[in-house]
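Since the structure comes first, as C-alpha cells, the remarks are kept for the end.
The structure displayed is predicted, hence computed values, not measured ones. Side chains included, hydrogens not; waters and symmetry mates left out as well; all remaining heavy atoms used. Read the numbers this way: they start at 1 and go in the same order the structure lists the ligands and their atoms.
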Amino acid sequence: MNRPKMATEKGVPSNSRVMMLLGQLERMNGDIVRQAETARQVTAKILHLIQTQEKSGKEVMSKGSSGMEVILASLESTRDVQTILNILSILTELLTVGRGRRVGVFVSKGGTGILFHTLLSASKEMPPSEELMLQLHSLLAKVGPKDRKFGVAARLSGALNVTVNLIKQNLQNPKLLLPCLQVLRVYSTNSVNAISLGKNGVVELLFKVLAPYSKKNTSLLKVALDALGALLKSKTNARRAADGGYVPILLALYADWHRNDARHRHMLIRKGLLVCLRNITNIKLGRKAFVEADGMRVLYNSSTECLPVRTLDPLVNTSSLIMRKCFPKNRLPLPTIKSAFVFQLPHVPGTGPAGRTYSQGPGVDDVVDESDDNDEADTENDTENEEDEKDQQSPVSRDNDDIETDLNKLHPRKGPGRPYEELRVYERFFVELSEDFQGFNFESSKSSSNTSLSSPFSSSVAPVRSPPRPIIVPTAQAFSPKHTLSLPGLPKDPQLPPPASASSPPAPLTPLQLDNIHVSKDQEKTEDSHIPTTDRRDRTLSPLGRPPTEAQTIEKDLAHVLERVSLDALDGVLPLDADEAHIGVKQDDVSVTRQIQSPLLLGGLSARRSGGGGSNWSSDCGSEGPEDEAAEGAVLEVPDTALLLPLHDPDLYVEMVKGTLSVPQYAEVAYPDYFGHVAPTFREPLLERVYGVQRAKIFQDIERLIHPNDILDKVVYDLDIPSCPVIEDDGESLKFNSQFESGNLRKAVQVRKFEYDLVLNSDINSNHYHQWFYFEVSGMKVGTTYRFNIINCEKSNSQFNYGMQALMYSVQEAISGSPRWVRTGTDICYYKNHFARSSIAAGGLKGKSYYTLTFSINFKHKDDVCYFAYHYPYTYSTLKMHLSKLEALRTPQIYLRQDVLCETLGGNGCPLLTITAMPESNSNDHICQFRNRPLIFLSARVHPGETNASWVMKGTLEFLMGSSPLANSLRESYIFKIVPMLNPDGVINGNHRCSLSGEDLNRQWQSPNLELHPTIYHTKSLLQYLAHIQRAPLVFCDYHGHSRKKNVFMYGCSVKETVWQSNISATSSDLQEDLAYRALPKILSQIAPAFSMASCSFVVERSKESTARVVVWREIGVQRSYTMESTLCGCDQGKYKGLQIGTRELEEMGAQFCVALLRLKRLTGLRNHQHLLDLESDIIGSQAKVVSSSCPTTYVLDEDEPSFLEAIDYSAESNDEDLEAENERAAEVREHPDLLEQLSDSDNHRE
Ligand SMILES: [Zn+2]
C-alpha cells in the first residue's frame, strides 16, 4: 500500500500539534491493529484539537497537506470500534465546515469507498454498533449528494442492503432511522438502484414510515417522502405502488396534511406527497387509480383553496400538472380529421401525405387511435447493466444531425438540369431580354399622361409589336437565347463561352419566328389536358393580367363572370355591351354587399340566410327571427378609405373575388377584405403575460370534469354539415362563419355560456396543419367576457405565450371610420390540452395531445360583426386587386409586365411580374443597358398561413412602382421578376401550409411535379431558363413568416458556415468562399429596424434540401439565395423592440429590402458583375470576418424563447419524461450557454 508521507509544506508548521499527531498516526498505520490503545488515544487527541481549535482543521485540510489521506488510511486499516468512531467524528467535524470543498477533497481521495467498506465490516458484527451505524450513515448522507458515483459504489459494495435492513429494524428508532433514510434517498436517485430497492420491498417499507398529520418527526417524514418520490420515478415501482393500493393512501394523507397544516409550516411534506402522486401517475395504471380514488376532485379542491396564498404555488402547480395528466383524454368533436373539403387531384400521389390520406379507408376512425393502451408500453429497462454514466447523445450531436455534411451537396451543382429545348418555352416570360423598343415612341410616351392605353408592356401574352429589326447588342455576360436558337449549327451548351466576337449580330427575329415561340395557346392547351374539368364550374378568365388596354376584354370577362355569379346572387340579366356590363357590376355590388350583411345589420334584406337556388346558403336552418325584420333598413356605409388606402377598392375587390375559384365555392366576401385595413397609428406593445393565467385556464378546463352539469356542449357552427353549418339560433349563442376566401374555422361548440371551443380545419387533402384561422363572429353581448379556445393546435409552443395577440376586425369600427385589424385578446395562453391526437396525424407517434390557444374578448359594440384572424389576412383576390391598382401607378418611365405564369390545380392564375425601368431611348446603348441589368428574383406566400409575407411583398411592390428617385434608380439597376403568391390555392381555401395536393410546396423544389406542383415547377423552370442563358439572378429571395421567433431575419446558404457547424473535415478548398452572401442581410440589419442579423443563419440543413433557398443556391447557382422570415409576433430589438408587428412595419420591411438592393449595388458598382463579388467581400469582408470568427455559429434555435417560462404548467405531458428531459436540457444549457446556439427543434422548421 502506498503510504502517504506527511507533508511539511510551508505555511503548515510541521511542529503543529495536530500535524505531529497525524504523523504519529501515519507511522502507526502499518500496525494499527496491535497498537489499538495508542491509536485510540491519538485519534481522540486529534478529535479534541479539531473540535477546540479551528486552525487545526484548517491545517489538516490545507492544500498540500496529506492529512486526509492519513485519516482515511487509518480508517481503512483499523478494526477497533472506538478508533473508528473517533475517526468518523474527526471526519464529521472536518466536513461540516467549508461548503463542500472539503467534501470534494474527501471524495477525490476515495473516502466514499472506505466508508462503504467500513459499513460492510461493521454490519457483520452481531449486533452491529448502533453508534457506529449512526455515525457512518450521517457521514454518508453528507457525502452522497456530492459524489457522482455514490449510487454505483453503494450498489457494488453491497451497502444498499445494510441500510435497508437497518431501516427495517429501526422503524421505531427515529434517531438512527433519519440518517438511514437520508442515505436511502441518495441511493434512490440512481435509477438502477431504484429498481433493485423496489424489488426488495422498499416502496412498501417507506409507506410504513408515512403518517397522518403530526408535529412530531416531520423531518423524518420529509426524507422518507423524498426517497419514495425518487423510487417512484421507476415505472416498475410506480406500478407496485398503484397495485398495492397506495394511491388512495397518498391522496388521503395529502388531504389530511392540507386540512391540518393551516399555517403552511409543512409545505415540503405536502409537496413530497404530491411528487409521489406525480410520479405514480406517469403510468397509465397510476392515472387510473388516481381517477378512481377521486383524485381529480381532491386535488382540485385543495388547489382552489391554496390559490390565494402565493407561497403555495408549488403545490398548486404540481397538483395542476397531475390533474392535467390524469384528465381523461377526449376525442376531437369531429367525424374525421381529414379536411372538411375535398379536392379531387388529377392523380393521387403514391406516397406523401396526400397519398396516405387518400389511401386511408373511409371507415377508419382517424380522430383517435383504436386504443391508446400502447401509448406507453410501461416497459422499463430493468437491466442491471444500465449505469449512471450513460453515454447519452449530447444535444449538440443530436441537433447537428440535420446539418448537411455531404460536401458534394454543399457545392453548387455544375451543369444544366434540363435540356434547353424544354426550357425555351419560358422565353416568352423574358420579353425584356430581347426587347428592342423599335416600335415604341419614347417622345410621345414621355409627354403622354395616359400611356397605359398605348403601352404594350402589360399584357399577359406576348406583346403585340412591330416586327423587330436586328440590333447589335454586345452582351456583357450571355448571348441571347435567340442567338442560340437561330444558329442551329452551334452547340447548345450554355456553358460555352460566348464567341470571341461578342458583337456578332443575332439572327433577326421574324414575326413568324415569334409565332413559333409564342406558346400561350399551346401552354393553355397543355394545362387543360392535365387538369380535370369534372366538378368544376366553368372556368373563366381571371381579370388578372388583363391590361387596361384590353378594357373591352375585361368587360366581356366580367359579363361572363356575372353570368355565373348571378346564379348565387342575382336573377342575372346578362349585360349585352360594355355599358350594360358596367351597370351590371353595380347591381351586383349591391347584391354582394347584401350578401355579406349579417342579418343583424341588414336583417330583412339578408340574402345570406334566406332561400335561394344554387347557394350554399339555401339552407332551411337560417333564422328568420323578428330581429331580422326589426333591423330592416339598416344602411351599410362603406368607409371612404380611398385616401388612406390608395391600393384598395371595395368594388374592384368584389370583382376579383368573382374570378377566384375556391374548393368550397365561397359565396360571400368577408368585410375586412372588402373594406380594407388601415394600419392603426397607435403602438401595439407585446402583451405582458399575467401571472398564473395558464393555471387559471387549466383549472377552468378541469372544472368541466368536476362540474359536468355546467357544460352546455352545444354545437353552434359545423362545416361537416355542409348544407347547414350554422345551427339554429336561439339568441343565446354567438354566430360563427368562415365561408369566405382564406376563412378557416371548422366547428364551434359553446361549452359554457360565454366560452367556445373552436376547431380548425385541416389543410385540404391533409389531416393536420391547423394553425391559420380566420372567422366571423356575430350575435355578441356587450359587457361580458367571452373565452375562445382553439383546441386543435399542433405546435408544441407558440408566440402566443410570448406576447403575441390574435387580430380582430370590428365592422362597426370600420363603418365609423376605423377599418382596421387590431391586436386583441387578454388572458392569452397556449398549452397542451386533453384532446387526444391520433397517431395518424402525429407522424405515427401515439399518446400525443393537441394544444389549446385560448384568449378572452370583451366586445365593444352591440350588433357588431367581428372577425378574428391568426395574422393580418391577405387573400388572393386582394393580391389581384393590388396588382390591378399597381398597374395604375405605372408611369412612362416604368416597365411593368404582368404575366400569368401558369394555372394552379384549383384553376387560378399564378401572377408573374416584371418590373424595371424603360430604357431612356431605343439607342443601342440604352437598349443594351436595359437588357443587361442584373435580375432580382422574388417570391412569396408559398405557405398560405404566413400572410405577413404578402404584406412584405406588398411593400416591395409598392416601392418598386413608386416615384421616388430611389425607386427610379433601383428600376434602372435591375430587372425584377416577382412571383408574389406561389400558392394561390392554399391561400384561397384557408390552408395553413399546403397546396391542394396536401403537400408543403416549399419541400418540392428538388423535383416539382408539373401536375401537382405547377407553380413550383414553372417558377423553377424560369430560373433554370435563366441559368441556361447565363442570366441567373443576382439575388433570389423567398418571403416567409415565422411563427416562433421574433424580428425579421434571413436564411442563406454557406458552405463554410455549414462545415463549421458539423464535424466533417473539409479541405481548405472547400472553405474557399467569399462572404458575398452576408452583404444583403448585413445591409438590411443596418437599415431595416425590424431586421436582426443575430437571428440569421447560413447553414444548409438536410431537412431543407428541397426548399426554394437551397435548390436555387445549389441547382441554379445563385450565391445570394435567401429565405426572408418575418415574425408573426413582434420585435425584441431595434426601434420596434417590445412591439407587435403590424402591416406598416411589414410593408416597410418590403420597401427596405429594395433600398438594401440599391445599396448592394452602390456598395459594389455594378459595372462588372463578376468583379462585384470580390469587391463586395473586400468591403464587407473585414467586418464580417470579425463577426464570423468570434461567433461562427449562426445556427440558431427555431424557438428563441426560454423553454422554462411557466414550464411547470406548460409542458405537462401524459408522460413526464419529456418534461424531465427538457429540464435536464435546460439545466445543461444554463451550465453551457453556448449549447443554446446549437439546440434546435427539429420538427419545427418554419421555412
Ligand atoms: Zn414559410
Sequence neighbours excluded, the answer for salt bridge (Lys or Arg N to Asp or Glu O under 4.0 Å) partners of Glu958 is Lys954
Looking at His943, the N, O or S atom sitting nearest the Zn ion (ligand 1) is ND1
To the Zn ion (ligand 1), the closest N, O or S atom belonging to His1040 is ND1
From the list Trp1113, Tyr1051, Tyr1077, ring pair (Phe, Tyr, Trp, His ring centres under 6.0 Å) with Phe1098 holds only for Tyr1077
*Does Glu946 put an N, O or S atom under 2.8 Å from the Zn ion (ligand 1)?*
yes
Is the Zn ion (ligand 1) less than 2.8 Å from an N/O/S atom of His1042, whether that atom is in the backbone or a side chain? no
Any donor-acceptor N or O pair under 3.5 Å, side chains His992, Tyr870: no
Does any donor atom in the side chain of Asn789 or Thr854 lie under 3.5 Å from an acceptor atom in the other side chain?
yes
